[in-house]
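Within every chain, numbering begins at 1; the chains are lettered A, B, ... in the order of the sequence lines, protein sequences first and strands thereafter. In this text the structure is predicted, and so the values were computed from the model without any measurement.
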Amino acid sequence: MKLAHIGQASRPLPRRFYEGSPERVAREIIGKVLVSTAGARILAGRIVEAEAYHGADDPAAHAFAGKTLRNAVLFGPPGFAYVYFIYGMHFCLNVSCETDGTGGGVLFRALEPLDDFGGQTGGIAEMRRLRGLPDDAPLRLIAAGPGRLCQAFGITRANTNGLDFTDPASPLRIVDDGFQTKEIVDTPRIGISKAAERPLRFYLAGSTFVSGKR
DNA sequence: TTATAGATTGCCT
DNA sequence: GGCAATCTATAAT
């Protein structure tokens with residue numbers, strides 16, 4: 001699809017949005033829209049859940065042990081995609097935060113699938129196909145969870161790690177479509193065993209697309 | 001070199 | 001609720 005057809009809302013959030021603490025970025029990214037133009041259809045989803053991961057002071061974070069080949073993106077400039085492979089079968093998507101040289105990032109945990117973006121429709125059918133779900137599968141099964149979200153967008157470490165979210169030419173971007181978030185809830189992070197008490201998980205109050213049991 | 005835990009998901013009982 | 005799937009990073013031998 002031609003980017004020009006997507007319109008004003010396609011302008012990616014600027015670099016400065018990602019500078020500073022992952023905690024602030026995780027909270028403020030709720031309500032923004034993740035957009036992929038990598039495939040045949042434009043895929044879009046509203047970010048309804050995210051978690052913050054710091055560096056040296058956060059034992060649960062990949063950046064905690066210092067910079068390695070795997071987590072190098074977290075220590076680079078803010079606004080870049082960090083994708084890792086976990087449990088032998090799932091990918092998880094993060095965006096780097098903090099200034100160049102400091103480790104930290106935000107994990108995308110759940111999206112509300114959006115069928116049309118910039119006048120293009122059919123995104124939800126494509127996301128269901130990528131997830132291997134039947135045509136009548138509930139919407140919330142598409143991207144409620146970090147692994148599901150990546151599968152729905154066709155995201156792998158090979159095709160996404162290191163992408164610049166702020167580059168207008170990037171196939172993956174985060175945009176503000178004017179959506180007003182009413183209330184954002186913070187809770188402890190999910191699925192970790194270290195520093196599990198810190199309230200660094202944020203989600204859109206009332207959203208049925210948040211991960212976890214219901 | 002071998003063992004184990006992991007920012008998860010889906011299927012089984 | 002329990003647990004297998006299946007690869008990687010890191011700890012232990």
message: Can you tell me if Arg109(A) touches the phosphate of dT8(B), counting only side-chain N or O atoms and a distance under 4.0 Å to OP1 or OP2?
response: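 Yes, Arg109(A) has a side-chain N/O under 4.0 Å of OP1/OP2 on dT8(B).
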- prompt: Does Arg131(A) place a side-chain N or O at less than 4.0 Å from the phosphate oxygens OP1/OP2 of dG10(B)?
  reply: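 Yes, such a contact exists.
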Verify, without hydrogens or angle tests, whether [X] (side chain) and [Y] (backbone) share a donor-acceptor contact under 3.5 angstrom.
X	Y	value
Arg128(A)	Asp135(A)	yes
Ser96(A)	Phe80(A)	yes
Arg173(A)	Asp164(A)	no
Arg15(A)	Thr166(A)	no

Could you tell me the separation between the [atom1] atom of [X] and the [atom2] atom of [N], rounded to a whole number of Å?
X	N	atom1	atom2	result
Ile192(A)	dA5(B)	CD1	P	17 Å
Ile86(A)	dG10(B)	CD1	P	16 Å
Arg189(A)	dG6(B)	CZ	C1'	14 Å
Arg70(A)	dC7(C)	CZ	C1'	11 Å
Phe85(A)	dA5(C)	CZ	C1'	11 Å
Arg157(A)	dG6(B)	CZ	P	20 Å
Phe108(A)	dT8(B)	CZ	P	16 Å
Tyr87(A)	dT9(B)	OH	C1'	10 Å

- prompt: Are His62(A) and Tyr84(A) an aromatic pair by the rule of ring centers under 6.0 Å?
  reply: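 Yes, close enough.
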query: When all nucleic acid strands are considered with a 4.0 Å heavy-atom cut-off, which category describes Arg201(A): base, sugar-phosphate, or nothing?
result: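 No contact at all - Arg201(A) keeps every heavy atom at 4.0 Å or more from the nucleic acid.
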task: Pick the P atom in dA5(B) and in dC3(C), then give their distance to the nearest Å.
output: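 It comes out at 15 Å once rounded to the nearest Å.
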- prompt: Using purine N1 to pyrimidine N3 plus N6-O4 or O6-N4 for Watson-Crick, or N1-O2 and O6-N3 for G-U wobble, both under 3.5 Å, which nucleotide pairs with dT8(B)?
  reply: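 Here dT8(B) is engaged in a pair, and the nucleotide opposite it is dA5(C).
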Nucleotide nearest [X] when distance is taken to its side chain, options [options]:
X	options	answer
Arg148(A)	dA7(B), dA9(C), dT9(B)	dT9(B)
Cys92(A)	dC7(C), dT8(B), dA9(C)	dT8(B)
Ser193(A)	dT8(B), dC7(C), dG6(B)	dG6(B)
Met89(A)	dA5(C), dT8(C), dA7(B)	dA5(C)

Along DNA chain B (nearest heavy atom to each residue), the more 5'-positioned of Leu107(A) and Leu141(A):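 Of the two residues, Leu107(A) wins.
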